[in-house]
Amino acid sequence: MESIQVQEEITLIQKVCEIYDKISKLETLKPSKEVDTLFTELVHTCIPHSTINIATLPPNIQEIRSKLIRLCGEAEGHLEAHFSTILGTFEKPLRHLNVFPYYSNYLNLSRLEYNILNQHYSTSAQSPKRVAFVGSGPLPLTSIVLASNHLKETTFDNYDIDSFANSMASRLVSSDPNLSKRMSFHTTDIMDVTDELKEYDVVFLAALVGMDIDDKVKVIEHLGKYMAPGAILMLRSAHGARAFLYPVVDPCVLKGFDVLSIFHPDDDVVNSVVISRKFTESVNVDRTNNRRDLGIGSIMASSCKYCDFQAFNNPLGQWKMINE
């Protein structure tokens, strides 16, 4: 049985490396049939359940994984910018979000994250009053869907370091009287945002924020320093072979936060979700003795746009949950 498992992992790694080799030779990662085909093949290769431990892979494979995650992030950036530009040509862009080929995926993913948040968000208010989304990009579908369908009274502040991305995103929202009143876009490095972070009940951290583990940890530590006590921090992670596509956020890096739950999907959703709460008082927590072997590597990526989320009729029922 063990030899079969080892052979399956070897086959998986060989396939991933073959796809990486093809992707790395592309002249551009902008949307095209060839780009879409290769990334779809990559996702289908990594989606099936795997017992592979990313952390134990040899250095050369770790390097390929790191580069592959960066390529995935670059491709998704081009994809978002491409469709944000298309949507910007409509008089009422938000009425045409379905032109984005993975819009229905975001509807399901946002419903999942809302339900997960709802399980752990506790306050006298019925829903968060203010939410920050860090790394919103040119097509901020998570914020738009949450604000439109789930958190209809909540104010959303979107942060991105790219002024062009914010310009495109703002143009999409400006035509909607309701959302334009509740949604704003800030061009700034989140590391330069300090006291303002205390105003948010929930902070979403996009995986594209932080190009590697060191940068990611710096951002998390910064949020831990300035977020309000009791506020919620939500991050996306990955598990098993899906870590070839997206980063792994080890709970031990969440200093200053109480990790509430980790959700590992066991279907076509790639990303795991890590939910944590800022400590309400100063606590000295040593997580080194309770460290999970989750496979830490370079951290960079966002929600999967090359996979199918259509299977979700009962969102939380199909997730594996680890309560910390």
Side-chain donor/acceptor of [X] to backbone N/O of [Y], under 3.5 Å:
X	Y	value
R182	T154	yes
K278	G224	yes
D201	K129	yes
R130	D157	no
S167	S163	no
N166	D160	yes
S143	P140	no

Do the rings of [X] and [Y] sit parallel, tilted or perpendicular, given the 30° and 60° boundaries?
X	Y	value
F100	F83	perpendicular
H264	H239	parallel
Y200	Y159	perpendicular

Query raised in the report: Going by heavy atoms in the side chains, are V173 and F185 under 4.5 Å from each other?
Result: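 In short, these two side chains touch, coming nearer than 4.5 Å.
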Requested in this report: Considering only Ile, Leu, Val, Met, Phe, Trp and Tyr, and joining two whenever side-chain heavy atoms are under 4.5 Å apart, list the other residues clustered with M168.
Outcome: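 Reading the cluster by chain and number, M168 sits alongside F164.
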Taking atom [atom1] of [X] and atom [atom2] of [Y], what is their separation to the nearest 0.5 Å?
X	Y	atom1	atom2	answer
K33	T40	NZ	OG1	12.0 Å
K25	L38	NZ	CG	12.0 Å
H222	L197	NE2	CG	5.0 Å

Query raised in the report: Distance only, no hydrogens: is a donor on one side chain within 3.5 Å (strictly under) of an acceptor on the other, for H186 and S184?
Result: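 A pair is found: one side chain offers a donor N or O, the other an acceptor, under 3.5 Å apart.
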**Report entry** Short side-chain donor-acceptor distance under 3.5 Å, S110 and H150
**Finding:**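 Side-chain D/A pair, H150 to S110: absent.
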Query raised in the report: Where do V16 and C46 come nearest, in terms of heavy atoms and distance?
Result: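 That would be CG2-SG, 4.0 Å.
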Requested in this report: Flag the pair E34 and K22 as a salt bridge only when some basic side-chain nitrogen lies within less than 4.0 angstrom of an acidic carboxylate oxygen.
Outcome: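 Result for this pair is no, no salt bridge flagged.
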Report task. Inspect the contact between K218 and D214 and indicate whether a charged nitrogen and a carboxylate oxygen are less than 4.0 angstrom apart. Result ->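 No salt bridge links D214 with K218.
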Report task. Would you sort out whether C72 and L42 count as a side chain to side chain contact (heavy atoms under 4.5 Å, CB included), showing the intermediate values? Result -> CA-CA 10 Å; C72 288; L42 178 64; 3.9 Å; yes
Requested in this report: Go through L151 and E153 one step at a time and tell me if the side chain to side chain contact (heavy atoms under 4.5 Å, CB included) criterion holds.
Outcome: CA-CA 6 Å; L151 301 173; E153 304 296 327; over 6 Å; no
